[in-house]
Number of protein chains: 2
Amino acid sequence: MNTIADIARLAGVAKSTVSRYLNGGSVSEETKKKIEIVIAETGYAPNAFAQSLKAKKTNIIGTIIPRLDSYATSRTLIGIDERLRELNFHMLVSNTNQDLEREIENIYTLAKQKVAGIILLATQITDDHLKAFKQINIPVLLVGQQHDDVYSLVHDDETAGYAIGKYIIQRGHKNIAFLGVGEHDIAVGVNRKKGVKKAVADHDDIDARFFETTFNMSEAAIRAQSLFDEFSPSALVCATDNIAIGAVKAAYQKNLRVPEDVSITGFGGYEVTAMMHPSLTTVQIHFVDAGRTAASHIVKLVNGEDIPKLTYSNFEIILRESVDIRTDHPI
Amino acid sequence: MNTIADIARLAGVAKSTVSRYLNGGSVSEETKKKIEIVIAETGYAPNAFAQSLKAKKTNIIGTIIPRLDSYATSRTLIGIDERLRELNFHMLVSNTNQDLEREIENIYTLAKQKVAGIILLATQITDDHLKAFKQINIPVLLVGQQHDDVYSLVHDDETAGYAIGKYIIQRGHKNIAFLGVGEHDIAVGVNRKKGVKKAVADHDDIDARFFETTFNMSEAAIRAQSLFDEFSPSALVCATDNIAIGAVKAAYQKNLRVPEDVSITGFGGYEVTAMMHPSLTTVQIHFVDAGRTAASHIVKLVNGEDIPKLTYSNFEIILRESVDIRTDHPI
DNA sequence: TATCAATTTGGAACCGGTTCCTAAAGTGCC
DNA sequence: GGCACTTTAGGAACCGGTTCCAAATTGATA
């Protein structure tokens, strides 16, 4: 690999001239030609490190994610990547495997790598997070969680939870179960549940019960089975599509027909939910769009522009086959 | 942020001494203490660029992937990331969105970023690829595709295809359809089909027909429907799990029972295939393990160690509910 | 105590770019 | 043709580390 000094020597100019040529300074047409030819011949590409060393900045955005094998994560990453590419940035992905300590560690590592900004697909924000954000002095954007001290982009989980709860109630369901996850996850564990609870609270004739499982499909299936043993809901609202898929499986195993015996809804809008039998009514979150917005925002922050402290992404309820009307109750 | 010169000044030593302290050269106990204290107080972290500039190398492995929203990709990335972390390397992900030109472009960009090595989850290898590999002078490992001139790790698609074909034939099926993808994808489009064809060729009483669709679930469902119109297979072997999921959907829409009327198999071992109704018999490829192996291999290459030019990853057939025995034919 | 080897330390050069400053060349106007 | 002003080009310093080399210190041995 050759350096700028080689190019300068071959073209018979000073390296500052070559640098100016590359960065658009004032260079005569004649000199431009000479340099152009040498660069074309040698296939010269500037050393990104030497550039970054001086500039004290890269065009890399670090993205920290809790897990890779999640539809939500993948789709969000696609959006981030797409938009960053348009803005001439790169995406460096760091997976934490849902380990909070590794999350903190990654923040510092990315800072050391001098990424221009960090997008954190967060599940919860601790004091250690805030301390890290303060120390690294690099723009940070949270996705999926909100904190007053940090720029955030959140899926409007509570409103979405409210909407799906409302919908189920409108379909005449009175015995409603909610299968969620632990409250350590603010967005999924707390806000979605809160929204559903709020919808339930609007009515005084609903028997709603709240259960908990993990993000894992198989575990959700097992939990749903025991749920069906202790309670016979006419509708089961699940906090994620994966949980809903497990619940549908559990229903089959219990010989419950979906939606005739029990209606089931998901949350996320994963592609496979359209292909299931029955296809799943679910809350679709526009992850790719959210990712694109996140990318736009972090780049603005990097460039010193201002953005709103808090942004909401969009959602819509996709009506499919897994929810039935209870005609024994008026709609 | 402070530099090594600051630390040296505060500790009252030369910066070469601090550098030696950090990199394990000979430093007296007394000096070590002094430097240690200053570093602890300042929270000093070396500038990775300055280090890389001199070392002409990073501890970053670039991974180029065709798409992010694929189970196979996610799982492989998890394995790569996991193992790289153990080996003290980082993973930089570049998504090409199945655009071959962008793939080439990414190879050069990563080289410019001075990544230590590149793992390419490839779908096909063109002359442009080979040219790029030659020019960048950085170790490259292909995953999922094989080429004689490049180190490769392949899922043994042909053998796996042969195995699933053999299995279906053993279950007594005579009218077999294969729903694959275009031949531009060597692993999925060519090798899996080739394996199945080979299994069919071992017998002379099989009517096997081969169809094509894309990797997209919905498109696969549409293709499967028209397939059922033109041919009535007792078994449908699909080239990916996503295609199989679409096929199952199509079967329902055609009022065909799975597996009573038509047996369906997948390829990949995606988690959701266990939760479907009926659960899907599929070829499970151990993507995470493959990713781990890929990471180990690329690091060995980076360190100048030798590895086999070609490595095969493992697979196994997961027997579930979507395949029936045809008792009208002897097994 | 003198000599020599081993350990520790500091200074300077270097990695490959960018940028500032100054000098030289080119241009326009009177 | 001379003067002022603008372009263009070169040289040197700098970014923040690592490494080589030589000097200084320590310790062991005779």
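Just so it is clear: chains get the letters A, B, ... in the order the sequence lines come, proteins before strands, and each one is counted from 1.
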Gap between atoms [atom1] and [atom2], on [X] and [N] respectively (whole Å):
X     : N      : atom1 : atom2 : answer
A:K33 : D:dA9  : NZ    : P     : 13 Å
B:N2  : D:dG16 : CG    : P     : 10 Å
B:D6  : D:dC15 : CG    : P     : 11 Å
B:R20 : D:dC21 : CZ    : C1'   : 11 Å
B:N47 : C:dG17 : CG    : P     : 16 Å
B:I39 : D:dG17 : CD1   : P     : 10 Å
A:L53 : C:dC14 : CG    : C1'   : 12 Å
A:E30 : C:dG26 : CD    : P     : 10 Å

Is the shortest side-chain N/O distance from [X] to OP1 or OP2 of [N] below 4.0 Å?
X     : N      : result
B:Y21 : D:dT18 : no
A:T17 : D:dT8  : no
B:N23 : D:dT18 : yes
A:S19 : C:dT18 : yes
A:Q51 : C:dT18 : yes

Describe the nucleic acid contact of B:S26 in one word from base, sugar-phosphate, nothing, applying a heavy-atom distance below 4.0 Å.
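The answer is base, as B:S26 lies within the cut-off (heavy atoms under 4.0 Å) of a base atom.
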
How are the rings of A:F49 and B:F49 set to each other: parallel, tilted or perpendicular (split at 30° and 60°)?
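The arrangement is tilted - the two ring planes meet at 30° to 60°.
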
Given that B:A5 and A:K54 both sit by DNA chain D, which one's nearest nucleotide is further toward the 5' end?
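Upstream on the strand: A:K54.
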
State whether the number of non-hydrogen atoms from other residues, nucleotides or ligands found under 6.0 Å of B:K309 atom NZ is greater than 12.
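Yes.
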
B:E30 atom CD, neighbour heavy-atom count above 12 within 6.0 Å:
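Check fails, neighbour count at 12 or below.
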
Quick check: any donor-acceptor pair below 3.5 Å linking the side-chain of A:K15 to the base of C:dG17?
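Yes, the side chain and the base share a sub-3.5 Å donor-acceptor pair.
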
Check whether the side chains of B:E86 and B:N88 place a donor and an acceptor atom closer than 3.5 Å, and report yes or no.
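No, B:N88 and B:E86 have no side-chain donor paired with an acceptor closer than 3.5 Å.
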
What nucleotide, of D:dT18, D:dA12, C:dG17, holds the atom closest to the side chain of A:S16?
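So the nucleotide nearest the side chain must be D:dA12.
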
If you only use heavy atoms from C-beta on, which nucleotide in C:dC15, C:dT8, D:dA9 is closest to the side chain of A:V27?
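Looking only at side-chain atoms, A:V27 lies closest to D:dA9.
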
Any sub-3.5 Å donor-acceptor pair from A:N23's side-chain atoms to A:S19's backbone N or O?
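Pair found, side chain donor or acceptor close to backbone of A:S19.
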
